Amino acid sequence: MGAQQVADRFAELYGAGPEGVWAAPGRVNLIGEHTDYNDGFVMPFALPHQAVAAVSRRTDGVLRLHSADIGGDITELRLDDLAPGGDHDWTAYPAGVVWALREAGHEITGADVHLASTVPTGAGLSSSAALEVVIALALNDLYGLGLKGWRLARLCQRAENVYVGAPTGIMDQTASACCEAGHALFLDTRDLSQRQIPFDLAAAGLRLLVVDTQVKHAHSGGEYGKRRAGCEKGAALLGVDALRDIPYDGLDAALARLGDEEEVVRLVRHVVTENERVERTVALLRAGDPRAIGPVLTEGHASLRDDFRISCPELDLVVDTALAGGALGARMTGGGFGGSAIVLAETADVETLTKSVEAAFAAAGLTAPRVFEAVPSAGARRLV
């Protein structure tokens with residue numbers, strides 16, 4: 001979706017050109033799933049798929065929103081009327097960002113917005129975070145707020161948690177706001193410290209495929225919240241602030257202390273081992289051994305499937321088919337219950353693996369998956 005196309009449509013809608021055009025990407029999480037709300041480690045990178053917003057300021061306390069993807073008329077909201085739980089469609093995401101900025105004391109007097117996005121919705125690729133971050137960045141620039149990327153991410157997370165009502169962690173918004181092209185972002189979600197890890201698979205003769213199963217998921221659904229509540233229960237039972245505080249070499253002792261809390265045991269085991277997998281992946285990439293991360297990805301899928309229990313038959317089919325076809329590693333990515341899987345493969349095997357996955361879905365009578373290469377791309381930025 002080109003910046004000029006979005007700007008032209010803005011002018012058609014609102015009668016004048018925008019003050020600027022901004023973009024924020026979706027993301028793939030390489031490793032580190034359901035660790036972010038446990039103060040743990042994650043490792044996402046930005047996709048070339050992005051939300052693009054043309055925006056101008058207003059001074060009358062009105063927010064006007066339009067989406068090329070949804071269509072329909074312009075939605076007009078009064079800033080003073082914005083409140084959590086008041087919106088139940090896509091407008092909750094940009095409206096929530098405006099609400100969060102104003103709640104934080106920033107003087108926002110209104111805006112006209114036209115949006116278009118190429119981030120697949122419901123695919124576990126953070127389409128909502130891209131939508132939030134592009135609005136936050138645009139308003140940050142237009143109103144001269146001077147907020148750094150990580151602060152914008154925090155405000156966007158608050159918008160999603162409180163205004164939208166989805167109990168997500170900080171990873172998605174931080175990835176969209178802060179990732180760099182050609183790198184994966186090693187993020188400590190407790191203190192938000194970041195390290196950009198070079199991630200150039202093509203130079204090593206490798207590719208990372210995203211397989212969108214076309215099975216939709218929603219973070220505001222009950223199962224995601226149940227997992228989060230279970231993790232918080234585990235931390236409370238173990239007397240720590242968050243599961244991040246359970247060391248990997250102390251896992252067995254911690255699980256023994258949980259006794260017959262079988263569900264909590266599984267959740268704790270996943271989070272602690274997943275943090276270790278993130279650290280192992282960082283070490284392997286820094287050592288220049290990207291092929292060796294394949295088995296780590298596969299371990300992560302087994303943990304998400306068996307301990308966290310958020311996979312689904314379609315995601316398992318992708319992983320099993322890819323591994324049987326010679327992939328170096330594969331796992332589901334994102335919140336779970338649908339969405340996408342990632343497959344690490346030799347470049348020469350990409351076509352064969354893609355056809356194998358497509359054939360497996362056809363044989364199972366499933367909707368054809370969408371397969372594309374994940375290329376580490378730039379984070380949120382102003383285009384015009």
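The structure displayed is predicted, hence computed values, not measured ones. The basis for the numbers below is simple: all heavy atoms, side chains too, and nothing from hydrogens, waters or symmetry mates. Nothing fancy with the numbering, it's 1 onward along the sequence.
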Any chance you could measure Arg158, atom CZ, to Leu101, atom CG, to the nearest 0.5 Å?
11.0 Å
Under 3.5 Å, side chain of Ser56 to main-chain N/O of Glu19, donor-acceptor pair present?
yes
Could you tell me whether the side chain of Lys216 and the main chain of Thr121 form a donor-acceptor pair under 3.5 Å?
yes
For Arg227 and Arg309, what are the C-alpha separation, side-chain angles and deciding distance, and is it a side chain to side chain contact (heavy atoms under 4.5 Å, CB included)?
CA-CA 9 Å; Arg227 302 306 189 279; Arg309 298 187 180 178; 4.2 Å; yes
Do any N or O atoms from the side chain of Ser377 and from the backbone of Val375 form a donor-acceptor pair under 3.5 angstrom?
yes
Criterion side chain to side chain contact (heavy atoms under 4.5 Å, CB included) on Gln194 and Cys178, from CA distance to verdict:
CA-CA 9 Å; Gln194 304 175 19; Cys178 301; 3.5 Å; yes
Using a cut-off of 6.0 Å, state whether more than 12 heavy atoms not belonging to Asp73 lie near its atom CG.
no
Shortest non-hydrogen contact from Ala204 to Pro290?
CB-CG, 3.9 Å
Side chains of Asn161 and Thr168: closer than 4.5 Å at any heavy-atom pair?
yes
Is there side-chain contact between Trp90 and Leu65, with at least one heavy-atom pair below 4.5 Å?
yes
Check for a donor-acceptor pair, side chain of His66 on one end and backbone N or O of Gly72 on the other, with a separation under 3.5 Å.
yes
Can you name the ring-ring contact (aromatic ring centres under 6.0 Å, His included) partners of His183, sequence neighbours left out?
none
Mark yes or no for whether Thr321, through its side chain, and Val357, through its backbone, hold a donor-acceptor pair below 3.5 Å.
no
Residue pair Ser311 / Asp316, side-chain donor-acceptor N/O under 3.5 Å:
yes
Do you know the tightest heavy-atom contact between Val272 and Leu243?
CG2-O, 4.1 Å
Side chains of Arg381 and Gln50, donor plus acceptor under 3.5 Å
yes
Can you name the salt bridge (charged side-chain N to carboxylate O under 4.0 Å, His left out) partners of Glu107, sequence neighbours left out?
none
Between Val319 and Met332, the two heavy atoms sitting closest are CG2-N, 4.2 Å
How long is the straight-line distance from CD of Glu314 back to OG of Ser340, given to the nearest 0.5 Å?
12.0 Å
Looking at Asp245 and Arg190, does any basic side-chain N land under 4.0 Å from a carboxylate oxygen?
yes
Result of checking Thr298, Ile342, Leu344 against Arg331 for side chain to side chain contact (heavy atoms under 4.5 Å, CB included):
Ile342
Which residue pairs pass the side-chain hydrogen bond (donor to acceptor under 3.5 Å, both in side chains) test when at least one of the two sits in residues 94-105, sequence neighbours left out?
Asp80-Arg102
Pairwise salt bridge (charged side-chain N to carboxylate O under 4.0 Å, His left out) hits with a residue in residues 108-118, at least two apart
Arg58-Asp112, Arg64-Asp112
Closest heavy-atom pair, Leu115 versus Ala53, reported as atoms and distance to 0.1 Å, is CD2-CB, 3.5 Å
What pairs of residues pass the side-chain hydrogen bond (donor to acceptor under 3.5 Å, both in side chains) test when at least one of them lies in residues 361-372, not counting sequence neighbours?
none
Test of understanding: clusters of I, L, V, M, F, W, Y form through side-chain heavy atoms closer than 4.5 Å, transitively. Do Leu237 and Val268 belong to the same one?
yes
Counting C-beta onward and ignoring hydrogens, is there a side-chain heavy-atom pair between Trp150 and Ile170 closer than 4.5 Å?
no
Just by modelled atom types, is the Ala68 backbone N or O under 3.5 Å from a matching donor or acceptor in the Arg9 side chain?
no
Within-4.5 Å side-chain heavy-atom neighbours: Glu274 and Arg277
yes
Using a strict cut-off of less than 4.0 Å between a Lys/Arg side-chain nitrogen and an Asp/Glu carboxylate oxygen, indicate whether Glu299 and Arg280 qualify as a salt bridge.
yes
Crowded around Glu263 CD? As in, over 12 foreign heavy atoms under 6.0 Å?
no
CG on Leu13 to NE2 on His114, rounded to 0.5 Å:
6.0 Å
State the CD1-CD distance between Ile197 and Glu180, to the nearest 0.5 angstrom.
11.0 Å
Check ion pair Lys233-Glu261 (N to O, under 4.0 angstrom)
yes
Does a side chain donor of either Tyr37 or Thr189 reach within less than 3.5 Å of an acceptor in the other side chain?
no
Does the pair Glu358/Lys355 count as a salt bridge with the N-to-O cut at 4.0 Å?
no
Find the distance between CG (Leu201) and OG1 (Thr347) and round it off to the nearest 0.5 Å.
8.5 Å
Under 3.5 Å: donor-acceptor pair, side chain of Arg57, backbone of Tyr143
no
What closest approach, in Å, do Leu267 and Cys231 show between heavy atoms, and which atom pair accounts for it?
CD1-N, 4.0 Å
Would you say that Arg154 contacts Leu192 through its side chain, given a criterion of any heavy-atom pair below 4.5 Å between the two side chains?
yes
So, for Leu63 and Ala95, which heavy atoms are closest and what is the spacing to 0.1 Å?
CD2-CA, 4.0 Å
Hey, could you give me the CG/OG distance between Leu131 and Ser176, rounded to the nearest 0.5 Å?
10.0 Å
Any donor-acceptor pair under 3.5 Å from Arg269 side chain to Leu255 backbone
no
His34 and Phe308: aromatic ring centres closer than 6.0 Å?
yes
Salt bridge (charged side-chain N to carboxylate O under 4.0 Å, His left out): pairs with one or both residues in residues 282-297, sequence neighbours excluded
Arg291-Glu346
Any chain of hydrophobic side-chain contacts (each under 4.5 Å) joining Val133 to Ile108?
no
Could you check if a side-chain atom of Thr118 sits within less than 4.5 angstrom of a side-chain atom of His49, using non-hydrogen atoms only?
yes
Side chain Ser67, main chain Ile70, donor-acceptor under 3.5 Å
yes
Would you say Leu285 and Pro198 make side-chain contact, with heavy atoms under 4.5 Å?
no
Starting from the C-alpha separation in whole Å, work towards a yes-or-no answer on side chain to side chain contact (heavy atoms under 4.5 Å, CB included) for Arg27 and Asp172.
CA-CA 7 Å; Arg27 65 96 187 98; Asp172 296 350; 2.9 Å; yes
Side chain to side chain contact (heavy atoms under 4.5 Å, CB included) between Phe45 and Leu208, worked out:
CA-CA 12 Å; Phe45 63 89; Leu208 190 74; 3.6 Å; yes
Counting only heavy atoms not in Glu262, do more than 12 sit closer than 6.0 Å to its CD atom?
yes
Cluster link Leu139 to Leu137, ILVMFWY, side chain under 4.5 Å:
yes
We want to know whether Asn275 and Glu279 form a side-chain donor-acceptor pair, criterion being a heavy-atom distance below 3.5 angstrom.
no
Just wondering, do Phe41 and Ile31 contact through their side chains at under 4.5 Å, heavy atoms?
no
